[in-house]
Amino acid sequence: MENKKTLEHLMAAFAGESQANRKYLAYAKKAEAEGKVNAAKLFRAAAEAETLHAHKHFEVAGKIKDTAANLKDAVNGETYEYKDMYPEFLKAAEDEGDQAAIRTFTYALKAEEVHARLYEEALADLDNAEEVFYYLCPVCGNIEKAVPEKCFICNVPGEKFIKY
């Protein structure tokens with residue numbers, strides 16, 4: 001995109017809408033736990049609306065490429081997270097003794113490394129038409145290609161994994 005300021009604005013809007021989506025889904029989960037069904041429904045509808053906005057901003061910014069390029073971008077993003085971002089965050093949490101932050105950053109760091117590897121595998125095998133299933137740990141975000149006995153990151157039993 002040639003319009004630098006507009007591109008900056010599109011990417012800022014993408015980030016804001018993406019964060020709003022995640023925030024509203026978290027709010028919906030909390031509202032459901034409190035039995036506030038109508039508020040939960042509104043949060044879920046708004047979250048989906050924010051997703052629509054985010055996707056359009058990202059598309060208009062020219063950030064969606066072909067699948068191979070998108071996989072390479074995903075590898076780069078996940079690699080940055082597990083090699084640079086989370087180690088820095090983890091160190092600060094350790095220095096401050098924040099056990100909850102240490103746990104969440106550790107889970108994310110280890111899961112992001114797995115994600116990068118899986119994206120690399122998908123890129124290398126992009127033209128293989130054989131269907132692959134993925135299994136998501138609902139606690140730490142680890143992804144496996146087969147149901148494990150337990151998650152190697154957080155020890156959640158394999159039967160809790162969600163199939164994709």
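Not measured: the values here are computed from a predicted model.
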Quiz item: Do the non-hydrogen side-chain atoms of H115 and I143 ever get within less than 4.5 Å of each other?
Solution: yes
Practice problem: Would you mind checking if K30 and E34 are paired as a salt bridge, meaning a charged N to carboxylate O distance below 4.0 Å? | Solution: yes
Quiz item: Between L10 and T6, is a side-chain contact (heavy atoms from CB on, under 4.5 Å) present by the stated rule, with each step listed?
Solution: CA-CA 6 Å; L10 284 166; T6 298; 4.1 Å; yes
Self-check item: Chi angles and distances behind the side-chain contact (heavy atoms from CB on, under 4.5 Å) call for L90, T106
Solution: CA-CA 7 Å; L90 188 54; T106 299; 3.4 Å; yes
Quiz prompt | Spacing of CD1 belonging to I64 relative to CG belonging to D66, to within rounding of 0.5 Å | solution = 12.0 Å
Exercise. Apply side-chain contact (heavy atoms from CB on, under 4.5 Å) to E113 and K110, showing your working.
Key: CA-CA 5 Å; E113 186 171 4; K110 291 178 179 180; 5.8 Å; no
Quiz item: Are V75 and L126 connected in a single hydrophobic cluster, I mean Ile/Leu/Val/Met/Phe/Trp/Tyr linked by side-chain heavy atoms less than 4.5 Å apart?
Solution: yes
Quiz item: Are K63 and E59 within salt-bridge range, i.e. N to O under 4.0 Å?
Solution: no
Quiz item: When the ring centroid of Y164 is compared with that of Y134, is the distance short of 6.0 Å?
Solution: no
Exercise. Tell me, with the steps shown, if E121 and K145 meet salt bridge (charged side-chain N to carboxylate O under 4.0 Å, His left out).
Key: CA-CA 11 Å; E121 289 175 10; K145 288 172 127 178; 2.9 Å; yes
Practice problem: Given salt bridge (charged side-chain N to carboxylate O under 4.0 Å, His left out), test R44 with E48 step by step and report yes or no. | Solution: CA-CA 6 Å; R44 288 196 186 286; E48 189 60 29; over 6 Å; no
Quiz item: Taking the six-membered ring for Trp, are Y86 and F89 parallel (under 30°), tilted (30 to 60°) or perpendicular (over 60°)?
Solution: perpendicular
Quiz item: Does D98 reach the main-chain N or O of A101 with its side chain, forming a donor-acceptor pair under 3.5 Å?
Solution: yes
Self-check item: Audit row: E88, K83, salt bridge (charged side-chain N to carboxylate O under 4.0 Å, His left out) steps and yes/no
Solution: CA-CA 9 Å; E88 179 182 331; K83 283 190 173 182; over 6 Å; no
Quiz item: Is E144 salt-bridged to K163, going by a charged N under 4.0 Å from an acidic O?
Solution: no
Quiz prompt | Chi angles and distances behind the side-chain contact (heavy atoms from CB on, under 4.5 Å) call for N142, Y135 | solution = CA-CA 8 Å; N142 178 34; Y135 301 87; over 6 Å; no
Quiz item: Got a second to check how far R103's CZ is from Y107's OH, nearest 0.5 Å?
Solution: 6.0 Å
Quiz item: Does the side chain of F58 come within less than 4.5 Å of M11's, by heavy atoms?
Solution: yes
Quiz item: Just wondering, do P157 and K150 contact through their side chains at under 4.5 Å, heavy atoms?
Solution: no
Quiz item: When you look at CD of E149, are more than 12 heavy atoms from neighbouring residues, nucleotides or ligands closer to it than 6.0 Å?
Solution: no
Quiz item: Out of curiosity, E112 CD to Y119 OH, how far, rounded to the nearest 0.5 Å?
Solution: 9.0 Å
Exercise. Report the distance from atom CG of L123 to atom CG of N70, rounding to the nearest 0.5 Å.
Key: 10.5 Å
